[in-house]
Enquirer: 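Take this structure first; my questions come after.
These figures come from a predicted structure and were not determined experimentally.
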Amino acid sequence: MEGGGADESGSSSVASLVKWRREFSGRFQYYLDRSVPYTAERWMGTLAAASVYVLRVYCVRGFHVISYGVGTYLLNLLIGFLSPKYDPELEALDGHTRDSDEYKPFVRRLPEFLLWYATTKAFVVAFFMTFCSVFDVPVFWPILLCYWIVLFVLTMKRQITHMIKYKYVPFGYGKLRYTRKKSAASNGGSSRD
């Protein structure tokens, strides 16, 4: 009978933990959803998190492997951000051809919000990893930096070549807005002072 009481208290604590996690998750998602229109503010927060991480690594003078991992992960995110959702190279391999030259807007494989969220999460996780000495592997960091720069240059070269070959630009400025310009021509050609 004593074992039954322990099971009941254990299951009630698990149930309350599950309830708390569900509530926390819902509240967190609510604030994430509300942050969507504040692009500049979100990226400023990410810049602050990255600065705290860089300051921590600089002060500790270690954790270069974590920094390399974060850099490689961010490069992977950047490639997803610059790549189209439907790769024209894969469509050409499958035998799909365009029926017309109709304009199709550029749709990213990784939207800006998800890029921001994954970047911020990467810096926060990396910051907390710097408090665990297991991840402080002694390496000669200039080699990692040189390797990352070579990786970045080769990856960007391939991506830019892909953009040129399939004629897409991943950067847009939203919907074009036409405004009337006030000039002498709109006033009938004469201007009065």
Side-chain angles (χ1 to χ4, degrees), residues 10 13-14 16-85 87 89-90 106-164 168-172:
S13 65
V14 169
S16 65
L17 183 64
V18 168
K19 181 182 176 189
W20 176 84
R21 184 174 178 219
R22 190 177 316 124
E23 288 173 0
F24 177 79
S25 177
R27 193 170 295 136
F28 182 73
Q29 188 63 44
Y30 171 76
Y31 287 115
L32 267 182
D33 292 343
R34 292 210 39 190
S35 72
V36 170
Y38 303 105
T39 306
E41 291 84 357
R42 285 188 283 115
W43 282 103
M44 293 300 287
T46 301
L47 184 62
S51 299
V52 168
Y53 170 74
V54 168
L55 185 64
R56 168 82 177 143
V57 168
Y58 178 75
C59 289
V60 175
R61 298 192 188 277
F63 299 100
H64 303 298
V65 172
I66 293 175
S67 298
Y68 176 75
V70 168
T72 306
Y73 179 68
L74 294 178
L75 180 61
N76 186 29
L77 291 175
L78 181 64
I79 293 302
F81 181 71
L82 296 176
S83 299
K85 187 172 185 175
D87 192 357
E89 190 170 40
L90 295 177
F106 181 79
V107 179
R108 298 180 189 286
R109 186 179 341 150
L110 181 68
E112 180 273 333
F113 183 80
L114 295 179
L115 173 71
W116 165 79
Y117 183 66
T119 301
T120 305
K121 194 165 54 170
F123 280 116
V124 170
V125 168
F127 175 75
F128 284 114
M129 287 175 75
T130 61
F131 290 101
C132 187
S133 62
V134 172
F135 299 113
D136 192 11
V137 179
V139 293
F140 187 60
W141 67 266
I143 296 294
L144 284 180
L145 180 63
C146 290
Y147 183 67
W148 187 86
I149 290 171
V150 168
L151 185 67
F152 178 81
V153 168
L154 292 176
T155 305
M156 283 295 116
K157 179 184 174 197
R158 190 186 79 205
Q159 187 66 31
I160 291 169
T161 304
H162 191 268
M163 288 182 213
I164 292 169
Y168 66 89
V169 179
F171 303 107

Enquirer: What's the spacing between Tyr31 OH and Arg27 CZ if we round to 0.5 Å?
Expert: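 The OH atom of Tyr31 sits 7.0 Å away from the CZ atom of Arg27.
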
Enquirer: Are Thr161 and Arg158 close enough that a side-chain donor and a side-chain acceptor fall under 3.5 Å?
Expert: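 Side chains of Thr161 and Arg158: no pair found under 3.5 Å.
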
Enquirer: If you measure only the distance, is there a donor-acceptor pair under 3.5 Å linking the side chains of Thr39 and Trp43?
Expert: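 No, no side-chain donor-acceptor contact under 3.5 Å.
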
Enquirer: Keeping the roles fixed (side chain from Trp148, backbone from Tyr68), state whether a donor-acceptor pair exists under 3.5 Å.
Expert: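 Not at all, since once roles are kept as given, no pair shorter than 3.5 Å links the two residues.
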
Enquirer: Do any N or O atoms from the side chain of Ser35 and from the backbone of Leu32 form a donor-acceptor pair under 3.5 angstrom?
Expert: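 Judged by distance alone, yes, a pair lies under 3.5 Å.
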
Enquirer: Looking at Gly80, is its backbone amide N or carbonyl O close enough to the side chain of Arg108 to form a donor-acceptor pair, meaning the two atoms are under 3.5 Å apart?
Expert: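 A pair under 3.5 Å: no.
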
Enquirer: Does the side chain of Thr119 pick up a donor-acceptor pair with the side chain of Thr46 at under 3.5 Å?
Expert: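 No donor-acceptor contact under 3.5 Å links the two side chains.
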
Enquirer: Should Leu82 and Met163 be marked as a side chain to side chain contact (heavy atoms under 4.5 Å, CB included) after you check the CA-CA gap, both sets of side-chain angles, and the distance that decides it?
Expert: CA-CA 9 Å; Leu82 296 176; Met163 288 182 213; 4.1 Å; yes

Enquirer: Would you mind writing out the side-chain donor-acceptor pairs for residues 53-60 within the sub-3.5 Å range, not counting sequence neighbours?
Expert:
residue : atom : partner : partner atom : Å
Tyr53   : OH   : Ser67   : N            : 3.3
Tyr53   : OH   : Ser67   : OG           : 2.7
Arg56   : NE   : Thr130  : OG1          : 3.1
Arg56   : NH2  : Thr130  : O            : 3.0

Enquirer: Tell me, do Gln29 and Arg34 make a side-chain contact under 4.5 Å, heavy atoms counted?
Expert: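 A side-chain contact is absent here, since even the closest heavy-atom pair is not under 4.5 Å.
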
Enquirer: Look at the rings of Phe131 and Phe128 and say which category their plane angle falls in: under 30° parallel, 30 to 60° tilted, over 60° perpendicular.
Expert: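 Rings of Phe131 and Phe128: tilted, 30 to 60°.
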
Enquirer: Strictly distance-based, threshold 3.5 Å: is any side-chain N or O of Asp136 a donor or acceptor partner for the main-chain N or O of Gly62?
Expert: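 The answer is no, because no donor-acceptor pair under 3.5 Å joins these two groups.
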
